[in-house]
Amino acid sequence: MGINRESKIRNFHQAKWDEPIIFELSKEGERGILIPEVEKEIEDCVGDGISLLPENMKRKKAPALPEISQMRVLKHYLRLSQHCLGADFNVDLGQGTCTMKYSPKINEILARSPEVTELHPLQEKNTVQGALEIIYKLDTFLREISGLNRFTFQPGGGSSAILAMASIIFAYFDVRGEANRRDEIITTIFSHPSDAAAAVVKGYKVITLYQGEDGLPEVEALKKAVSSRTAGLLITNPEDTGIFNPKIVEFTKIVHEAGGICGYDQANANGILGVTRAKEAEFDICFFNLHKTFSSPHGCGGPAVGALGVTDELKGYLPVPVVEFDGDTYFLNYNLPNTIGKIRGFLGVFPVILRAYAWIMSLGAAGLKEAANVAVLNNNYILKKVKEIRGASAPYAAGRHRIEQVRYSWDKLTKDTGVTTEDVTCRMADFGFHLWSSHHPFIVPQPFTIEPTESYSKDEIDEYISGLKRVAEEAYKNPEKVKNAPYNSVVHKIDNSTLDDPDKWAITWRAYLKKHKVKRQ
Amino acid sequence: MKKEEKRVHPYIPNSAPKVKASMLEEIGVKDIYELYEDIPKNLRFQGELNLPEALPSEYALKRHVEKILSKNRTCRENINFLGAGCWQHYVPAVCDEINQRSEFLTAYGGEPYEDHGRFQALFEYESLMGELLDLDVVNVPTYDWCQAASTSIRMAGRITGRNEILVSDTISPERLLAVKNYCRPVVAVKMVKHNPRTGLMDLDDLEAKMSTNTAGVYFENPSYLGFIEFQGEDISSIAHKNGALCLVGVDPVSLGIIIPPSNYGADIVCGDIQGLGIHMNYGGGLGGFIATRDEEKFVMEFPSRLFGITKTSVEGEYGFGDVAYERTSFAVREEGKEFVGTHAALWGITAGVYLSLMGPKGMVELGKTIMQKSQYAMKKLGEIKGVKAPLFESPHFKEFVVDFKKTGKTVSEINEFLRKTSIFGGKDLSEEFSELENCALYCVTEVHSKEDIDKLAKALKDYLER
């Protein structure tokens, strides 16, 4: 009797409700919610309200939304939630680069208080002193953590912060009349895809440095890449491999000597809090993802904040407004001489800013460093264990330690058994785990990236490693079993063939009904 | 401080000394600092960061943060008439119940197996919005309307191969700042004038500014200033006649009663979903949508994730996945369409819940209610001496410009007085539009009762007529 604790692998099965698409639940006449009544006096005064609309603007047929009673709507979405494996449920190490750490519940309660949710962003400053204080103080914390001089929380995520970096770089050279000439941005292949992609939005040509044998971009390659056309460098460090580039100051110096601006993509800074900073590496701009390193939950992919910091020299280019403090009152300053304008509406995602503030306040300076240290400890522990798994390897930097994550490879496993990373990720789902491949392109063949953060216990880490080991063993014994996975997840092997076919893809239910000739119920 | 350091923080399990020691031993190092061997000494931060003393006890933290937040005055204890890009609508309890679920709140990049629910909920969001907009393609939400408008414009540029966009000059000025930054230096932004009496787009000016460089015309409906632009068909036909696209930013809340832009010729429709079941959150509740027809040339220009429905190896099972993933920057970096990353997915799920609850009748009744209440407010304010409401002689939805020029008081004086009576008056437009000095943008939704509106009218009357 009882649960076999000898095996670290769970006898897992995810919830499976066979829940229909919401439209299939519709029953004519049902209502999910009623809206406030219009008082009779108002009705008597203005009539039905819509007769004022020009005839050509009136919607003749109500939108074909489903009609469903309240409890059934609730149940539908609760069931869908059970079809979703949040970080609160699984040992979420397998989404490397994304820093899936614990998002404390107290911060959630604070973020859901009416003093947060019921604030309008255009309220007069004296009515929002609490909110402005949190924003201002978080700015001062991040100044200290980065060594830079001023932060904005407007960017709605890391990619938005990269766009803001590229915009500031553009504006900086525009002011100097060099924007046309300086039309190149340099990045590296192990920096986030958006470092390249967002630069193109700003009209830049992108030069990507590839890794040398040690997994790092080479100084010589950078020297060849820079020129009078260089506008800037957008780079991650440690890169997605988890290897810290010890020559980073040489990089920033070379770009500075060419007249360029250095932007530090610190979306994930979890291994280096209080250990090393943007300032000492001589960066001009950096950003932190508050939904990663600073614990705000990922929300299925946002809302989020890419907190963007700059040196004194670049302060005047930040998006407006910035929050200032005169010793008595917090207020908004729109008067920045070279501002890039706006990156997002208003001041950014305040609940995310608040959660990050609370997380830093809970840990303090020593706690931040401990979080970083333990994240690195956990990562190197996993590195040792994964290298022992048959078929797995950790390319580059052999014998050296890594910072907060490692990009591994199943290349040998694939060559030996035909089982790919994608197959392994599907099979991991059968044990209640999530494993991600990696950003494209797959420079590391059959890649997977693991980043444990500080949040998971040694036992949980061991459980996850046992999962990887079990799947690798299965691959050698019975590759078909892995290839046909999952079996215990919500659904079985997905047929992706329609998703790239314009005649068959269906991005909405109505398109599905039309294209696949299904009759609407 | 020393004592604090010895306490193991609840968020860091392997900080426990014995566990930590055993892991170090397993790795074969004596000190965690050996793991940072690649970071040169000159880059190591010396000493401790200068941050406030930690509050590791949850209770102390809660008290500390609550004390700061208590300095805020909210739209709960005050009657709020601010809108202008973030709106106070009623948020059904079920919306909050769903978006606080750990399963959704703490998920991120799971595969469509273990995160089937994330994919289905966002596919349903796309589908529900598709019905409201009468379009077959809707994206997984982007950051906000600023981004949705910006991306719509860049999409138009790529689809037409042209590099100029004409934008109605009644666009939200803040949104315009975002659009201009996002377009610069690739797409030029040119403004189209409006009729000062009605607010509507000046079609002669539009025709005059059309050229073979024009990728599209962008306008908002209802406009930022609240009036309804009813020349949609004319605008889109002028755009199409010149080989350009018609782009419309729309308030989805209005679409129970007002025809969707796709019905008057819009090719790309965008806007914000914050009004659909998401709290204002001091501006943190924004989420942008972009929608088009289901044509390959449109779909392939979206930068966003587009979740599609498909089948699985088991008969009768729905599966989900990314449609045309190869167009994204995730797949092909700088060769992709703009960029994709973490945007506003949880708000997308929430808006889906909202539309499921509202149903067709809810959206129709909501639109009608807002029309009635805002018309009542315009009428009541217009009765006050020296006050003109609305300023523009057009039908309005939800928002309207109130002209205080003839009252002898500034909007900021008026709003200061209103605050004393627990009312947040409308947004001052004096700085945003030269012609709208001492005008304010008021927003009235279903949350405002007759009593609230009467209280506003009385306060204004007391202040302005005394």
Side-chain angles (χ1 to χ4, degrees), chain A residues 22 32-33 39 42 46 49 52 54 62-64 67 77 80-81 83-88 115 117-121 127 129-130 156-157 159 193-194 196-197 200 206 244 276 298-302 304 341-342 346 349-350 364-365 373 401 429 454 457 489-490 492-494 502 505 508-509 511, chain B residues 12-13 32 35 38 43 48-49 51 54 69 71-76 82 98 101-103 106-108 113-114 116-117 124 127 130-132 136 143 177-178 181 230 279 282-284 296 310 312-314 319 323 329 333-334 339 341-346 357 359-360 371-372 375-376 395 450:
Chain A
I22 189 93
I33 188 131
E39 293 87 341
I42 291 184
V46 300
L52 270 188
E67 298 174 73
Y77 284 102
L80 294 192
S81 80
H83 290 174
C84 200
L85 202 62
D88 279 355
E115 286 76 22
T117 61
E118 304 311 311
L119 289 187
H120 190 283
T127 67
Q129 283 295 299
S159 300
S194 288
V200 173
V206 173
F244 190 90
T276 183
H298 289 68
C300 283
K342 296 289 290 182
F346 310 111
V349 184
F350 181 62
N373 289 173
H401 298 110
E454 72 281 9
S457 71
S489 192
V490 185
H492 299 82
K493 204 79 178 172
I494 292 166
W505 69 38
T508 50
W509 183 243
Chain B
I12 316 178
I32 283 183
L35 303 174
D38 284 341
L43 289 186
E48 198 169 76
L49 295 169
L51 295 172
L69 291 177
K71 297 171 191 170
N72 292 335
R73 298 290 166 264
T74 77
C75 300
R76 186 181 274 200
L82 289 162
I98 296 302
R101 295 287 297 189
S102 273
E103 295 90 336
T106 66
Y108 194 32
Y113 298 99
E114 69 269 15
H116 180 81
E124 291 181 353
S127 302
E131 296 302 337
L132 200 56
D136 286 356
Y143 307 110
L177 283 177
N181 179 62
F230 53 77
H279 294 278
Y282 198 44
E296 192 178 356
T310 183
T312 77
S313 58
V314 172
V323 167
S329 61
R333 295 176 69 92
E334 69 269 27
F339 55 83
T342 302
H343 297 242
L346 193 65
L357 289 167
M371 285 295 282
Q372 288 175 306
Q375 280 169 35
Y376 178 74
K450 176 178 177 293

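Order of the sequence lines fixes the chain letters, A, B, ..., with proteins taken first and strands second; residue numbering starts at 1 for each chain. Keep in mind the model is a prediction, meaning the values are calculated, not measured.
- Checked by atom type and distance alone, the side chain of B/Tyr113 pairs as donor or acceptor with a backbone atom of A/Ile494 at under 3.5 Å.
- Chosen from B/Leu49, B/Leu51, B/Val314, B/Ile32, the residue pairing most often with chain A at heavy-atom distances under 4.5 Å is B/Leu49.
- Contacts between B/Leu69 and chain A at a heavy-atom distance below 4.5 Å involve backbone atoms as well as side-chain atoms.
- Heavy-atom distances place both the backbone and the side chain of A/Thr127 under 4.5 Å from chain B.
- Per-residue counts of heavy-atom pairs under 4.5 Å with chain B were compared for A/Leu52, A/Thr117, A/Val206; the largest is that of A/Thr117.
- The shortest heavy-atom contact between A/Pro193 and B/Ser329 is CB-O, 3.3 Å.
- The two atoms that bring B/Asn181 and A/Lys342 nearest to each other are CB-O, 4.1 Å, heavy atoms only.
- In this structure, chain A has heavy atoms under 4.5 Å from both the backbone and the side chain of B/Pro360.
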**Q.** side chain to side chain contact (heavy atoms under 4.5 Å, CB included) evaluation trace for A/Tyr77 with A/Ile22
**A.** CA-CA 9 Å; A/Tyr77 284 102; A/Ile22 189 93; 3.9 Å; yes
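- The candidate with the highest count of non-hydrogen atom pairs below 4.5 Å against chain A, out of B/Glu103, B/Lys71, B/Arg101, is B/Glu103.
- The residue among B/Thr106, B/Thr312, B/Leu346, B/Ile12 with the most heavy atom pairs within less than 4.5 Å of chain A is B/Thr106.
- The choice from A/Pro54, A/Pro63, A/Ala429 that makes the most heavy-atom pairs within less than 4.5 Å of chain B is A/Pro63.
- By the 30° and 60° cut-offs, the orientation of the rings of A/His120 relative to A/Phe346 is perpendicular.
- Between A/Phe350 and B/Tyr282, the two ring planes are perpendicular [angle over 60°; tilted spans 30° to 60°].
- The backbone N or O of A/Val200 sits nowhere less than 3.5 Å from a side-chain atom of B/Glu334 that would complete a donor-acceptor pair.
- Per-residue heavy-atom pair counts under 4.5 Å with chain B were compared for A/Gly32, A/Gly156, A/Gly130, A/Cys84, and the maximum is reached by A/Cys84.
- Heavy atoms of B/Ile98 lying under 4.5 Å from chain A belong exclusively to its side chain.
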Q: Could you go through the side chain to side chain contact (heavy atoms under 4.5 Å, CB included) check for A/His401 and A/Phe244 one step at a time?
A: CA-CA 9 Å; A/His401 298 110; A/Phe244 190 90; over 6 Å; no
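- Contacts with chain B were tallied for A/Ile33, A/Leu80, A/Val490, A/Val349; A/Leu80 has the most, counting heavy-atom pairs under 4.5 Å.
- Among A/Ser194, A/Ser159, A/Gly341, A/Pro502, the residue with the largest count of heavy-atom pairs under 4.5 Å with chain B is A/Ser159.
- Each of A/Gly364, A/Gly86, A/Ala304, A/Ala62 has some count of heavy-atom pairs under 4.5 Å with chain B, and the biggest count is that of A/Gly86.
- Here B/Arg73 is the residue among B/Arg73, B/Met371, B/Arg76 with the most heavy-atom pairs under 4.5 Å with chain A.
- Summarising the geometry, atom CD belonging to B/Gln375 is positioned 10.5 Å from atom CD1 belonging to A/Ile42; distances are rounded to the nearest 0.5 Å.
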